[in-house]
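Chain A is the first sequence line, chain B the second, and so forth, proteins listed ahead of strands; every chain is numbered from 1.
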Amino acid sequence: MAEWPRSVAEAEAVQERLRPLVDLDDPGPETVRHVAGLDVAYATEGDELTAAVVVLDTGTLEVVDQAVVHERARFPYVPGLFAFRELPPLLIALERLRITPELLVCDGYGLAHPRRFGLACHVGVLTGLPAIGVAKTAFVGAYGDPPPERGSWAPIVDRGDVVGRALRTRDGVKPVFVSQGHRVGLDNACRHVLRLAPAYRLPEPIRQADRLSRSGARTA
DNA sequence: GCGACAG
DNA sequence: ATCTTGTCGC
């Protein structure tokens with residue numbers, strides 16, 4: 001399916017080669033029935049990781065399908081290249097799902113990346129599915145503090161490009177950082193994130209994937 | 001050159 | 001990412 005690089009130079013070359021395949025113009029699905037959340041947890045010892053993918057029914061926000069994959073990391077953590085660490089097991093987990101999701105919500109960035117090709121773009125291109133990135137901390141670019149109300153936002157600007165938004169999902173709480181991955185517009189991505197995060201800062205798909213990956217990491 | 005740097 | 005108690009506030 002995909003060949004995995006072994007060096008930083010090879011990994012960067014892969015990103016440069018796949019970047020033109022990203023679709024940033026498709027506004028994306030208006031409504032979605034099944035949404036997936038993707039996350040990875042790390043073991044206390046060794047370079048072992050546990051990838052988890054959950055599928056939620058958007059009507060109830062209940063988990064209706066899930067898959068966990070445990071393996072040894074194939075690539076070191078390098079800012080800007082961490083898809084090469086987390087994507088291999090995540091793709092295997094995605095293949096094991098019985099329900100094909102219509103939208104992927106990734107823990108991390110998409111367009112808001114040094115080479116405009118973060119994890120959300122990468123997984124979107126490799127699967128062909130609409131994908132967005134939701135990160136907990138800033139990475140590239142600058143942004144202003146959005147107004148305190150849930151739903152307000154401020155653009156993230158990097159080298160003159162708007163690459164995402166700092167979006168407030170809860171009143172008075174630190175915003176999350178949303179960026180396009182593949183086949184979803186920025187407005188639409190933020191709409192989905194707000195609908196998927198009715199109670200907590202992070203959207204429910206990511207919270208559930210985080211929960212599952214951690215329990216899986218302890219069991220393994 | 002130096003520091004910062006998704007998870 | 002992970003190591004980690006209590007505590008302030010709604």
If only side-chain N and O atoms of [X] are considered, is one of them under 4.0 Å from the OP1 or OP2 phosphate oxygen of [N]?
X: K136(A); N: dG7(B); result: yes
X: Y42(A); N: dG7(B); result: no
X: R85(A); N: dA6(B); result: no
X: T137(A); N: dG7(B); result: yes

Check your understanding: Picking from dG7(B), dA6(B), dT2(C), which would you name as closest to the side chain of P79(A)?
Key ->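 Nearest to the side-chain atoms of P79(A), counting from C-beta on, is dA6(B).
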Review point. Quick one: which of dC5(B), dT2(C), dG7(B) gets closest to the side chain of F139(A)?
Key: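 When the side chain of F139(A) is considered, dC5(B) is the closest of dC5(B), dT2(C), dG7(B).
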Review point. If you draw a 6.0 Å radius around CZ in R115(A), do more than 12 non-hydrogen atoms from other residues or ligands fall strictly inside?
Key: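 Count over threshold, so yes.
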What nucleic acid atoms does [X] come within less than 4.0 Å of, heavy atoms only: base, sugar-phosphate, or nothing?
X: I206(A); value: nothing
X: A112(A); value: nothing
X: L49(A); value: nothing
X: R214(A); value: sugar-phosphate
X: G80(A); value: base

Practice item. Classify the ring geometry between W4(A) and F84(A) as parallel (under 30°), tilted (30 to 60°) or perpendicular (over 60°). Key: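 Perpendicular: the ring planes of W4(A) and F84(A) meet at over 60°.
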Atom [atom1] of [X] and atom [atom2] of [N]: how far apart are they, to the nearest Å?
X: F75(A); N: dG7(B); atom1: CZ; atom2: P; answer: 18 Å
X: D210(A); N: dA1(C); atom1: CG; atom2: P; answer: 7 Å
X: D47(A); N: dT2(C); atom1: CG; atom2: P; answer: 15 Å
X: H113(A); N: dG7(B); atom1: NE2; atom2: P; answer: 13 Å
X: K174(A); N: dG9(C); atom1: NZ; atom2: P; answer: 21 Å
X: D39(A); N: dA1(C); atom1: CG; atom2: P; answer: 8 Å
X: R115(A); N: dA6(B); atom1: CZ; atom2: C1'; answer: 12 Å
X: F177(A); N: dC5(B); atom1: CZ; atom2: P; answer: 12 Å

**Study point:** With D39(A), the side-chain contact (heavy atoms from CB on, under 4.5 Å) member among C106(A), P205(A), S213(A)
**Key:**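 Of C106(A), P205(A), S213(A), side-chain contact (heavy atoms from CB on, under 4.5 Å) with D39(A) is met by S213(A) alone.
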**Study point:** Check: E86(A)/Y77(A) side-chain N/O donor and acceptor closer than 3.5 Å
**Key:**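 On atom types as modelled, these side chains do not qualify, holding no pair under 3.5 Å.
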Point to revise | SB check D187(A) R165(A) (cutoff 4.0 Å) | key: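 Salt bridge between D187(A) and R165(A), a charged N being under 4.0 Å from a carboxylate O: yes.
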Practice item. May I ask whether F82(A) stacks on the base of dA6(B), given the cut-offs of 5.5 Å between ring centres and 30° between planes? Key: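 F82(A) ring does not meet the centre or angle cut-off for dA6(B); no stack.
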